[in-house]
Protein chains: 2
Amino acid sequence: MAGVEGHIRIRQGDGRIVGTHSHPELTKNQSLVFGTLNRADGPLTAYAILDLLRDEGFRAPLQVYRALEKLLDFGLVHRLESLNAFVACSHPGCSQHHAVAFAICETCGNVLEFTPDAALKDLSKWAGDCGFSPAKTTIELRGTCRGCGQAATN
Amino acid sequence: MAGVEGHIRIRQGDGRIVGTHSHPELTKNQSLVFGTLNRADGPLTAYAILDLLRDEGFRAPLQVYRALEKLLDFGLVHRLESLNAFVACSHPGCSQHHAVAFAICETCGNVLEFTPDAALKDLSKWAGDCGFSPAKTTIELRGTCRGCGQAATN
DNA sequence: ATACAAGATGTAACTATGTAACACTGATGG
DNA sequence: CCATCAGTGTTACATAGTTACATCTTGTAT
């Protein structure tokens with residue numbers, strides 16, 4: 001894979017080291033996008049990521065979308081379908097959890113990621129009964145988190 | 001509400017009857033959009049609806065989005081977040097089922113609507129434990145339906 | 001070494017999806 | 001009569017995502 005030496009360092013074409021990360025196989029652009037999502041305290045749209053990376057030389061949305069596609073493949077990033085936005089996975093080593101759920105607070109914008117095992121099992125059962133083979137499962141709750149709900153009733 | 005007489009007939013501003021439907025409170029544009037979704041054999045995007053209604057005088061996306069917003073409120077239509085598309089509710093009198101799930105076949109485009117009670121209960125339990133108040137729940141399975149799966153292995 | 005294949009990147013143009021702002025109409029209720 | 005409100009029509013705009021094409025880098029086979 002291009003731009004990677006050993007497990008950690010990322011180099012540009014001229015050999016200059018431009019960044020490090022804990023995941024061994026990220027290219028420069030993937031690393032920049034992943035870093036941006038990790039630093040963010042909530043979901044970001046692709047265009048928001050683009051704006052945050054202008055200083056790093058990003059110019060076109062495709063640079064973001066291509067990196068996001070790989071990061072989604074790796075399981076490092078999730079897409080929130082109801083927001084057209086992306087978040088870094090909050091599980092330590094998330095590659096396993098290909099099915100996950102999100103609770104999105106519409107007041108403060110924070111997102112909670114969780115794994116609703118019983119719900120996923122029920123959906124799998126339904127799928128099996130119907131002969132449907134799910135490739136990806138999207139579960140998103142839009143609503144109000146505890147903090148915002150309390151603030152509203154005070 | 002404008003454009004409605006009694007329970008059934010829909011009139012334009014000049015009093016001319018332009019359509020009928022089984023839901024008593026739809027305006028002309030709402031009725032046209034709902035009819036289009038009902039006739040379709042799968043989900044439609046807002047712009048696809050717009051194109052199908054050009055002959056009826058539709059000119060701008062807002063005419064579609066405004067109708068869809070009301071139809072979503074009434075529970076007559078669902079939005080598929082992972083497709084940015086809309087479907088007529090397939091339940092007889094759907095207003096009750098504010099939480100529903102979809103299985104979307106990525107091969108043939110067909111959508112199955114179902115109500116996964118156990119999954120919804122599990123998600124409600126999780127929300128209760130976390131103090132999260134869900135306003136809307138999105139559950140969408142992307143994958144392959146029975147027919148398309150069988151066709152692929154033949 | 002050299003040549004080739006595959007993956008990654010850069011850029012411009014374009015399509016698709018969704019909203020803001022403003023004007024106008026017709027019904028309803030004082 | 002007049003105010004109000006939901007619905008409608010229209011223009012322009014904002015946001016989200018893709019196609020097409022060229023270049024570069026790296027790994028691999030010869």
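Residue numbers begin at 1 in each chain, while the letters A, B, ... track the order of the sequences.
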| query | Rounded to the Å, how far apart are B:Leu44 CG and C:dA16 C1'? | reply | 15 Å
| note | B:Ile49 atom CD1 is separated from C:dA16 atom C1', nearest whole Å, by 14 Å
| said: In this structure, is the centre-to-centre distance between the rings of A:Phe86 and A:His78 below 6.0 Å? | reply: no
| said: When you measure from the side chain of B:Glu113 to the backbone of B:Ser90, do you find a donor-acceptor pair of N or O atoms at a distance under 3.5 Å? | reply: yes
| note | note: B:Leu50, atom CG; C:dT19, atom P; distance rounded to Å ~ 15 Å
| message | Does C:dG7 have OP1 or OP2 under 4.0 Å away from a side-chain N or O of A:Thr27? | response | no
| said: Hydrophobic clusters here meaning ILVMFWY residues chained together by side-chain heavy-atom distances under 4.5 Å, can you tell me if A:Leu120 and A:Leu141 are in one? | reply: yes
| Ignoring hydrogens and geometry, is there a side-chain-to-backbone donor-acceptor pair from A:Glu140 to A:Ala101 under 3.5 Å? | no
| request: Please answer whether the main-chain N or O of B:Thr27 pairs with a side-chain N or O of B:Ser31 as donor and acceptor at a distance below 3.5 Å. | output: no
| request: Starting from the first five and the last five pairs of the helix from C:dA1-D:dT30 to C:dG30-D:dC1, work out the angle between the resulting helix axes, to 10 degrees. | output: 20°
| task | To the nearest Å, give me how far apart NZ (B:Lys70) and C1' (D:dG7) are. | result | 9 Å
| query | Could you give all pairs that pass the side-chain hydrogen bond (donor to acceptor under 3.5 Å, both in side chains) test and reach residues 51-70 of chain B, with sequence neighbours left out? | reply | B:Asp51-B:Arg54
| query | Hey, does the side chain of B:Arg142 reach the backbone of A:Thr138 with a donor-acceptor pair shorter than 3.5 angstrom? | reply | no
| Quick one: B:Leu68 CG to D:dG7 C1', roughly how many Å, whole number? | 15 Å
| said: Does the protein touch nucleotides 9-22 of chain D at the base, only the backbone, or not at all? Give it as B, S and - per nucleotide, heavy atoms under 4.0 Å. | reply: BBB----BBBBB--
| query | Are B:Phe114 and A:Ile139 in one and the same hydrophobic cluster, where Ile, Leu, Val, Met, Phe, Trp and Tyr link if side-chain heavy atoms are under 4.5 Å apart? | reply | yes
| task | Quickly work out the A:Arg54 CZ to C:dG10 P distance and round it to whole Å. | result | 13 Å
| same_hphob_cluster(A:Leu112, A:Phe102) at 4.5 Å side-chain heavy-atom cutoff | no
| What integer distance in Å separates B:Asp51:CG from C:dT15:P? | 14 Å
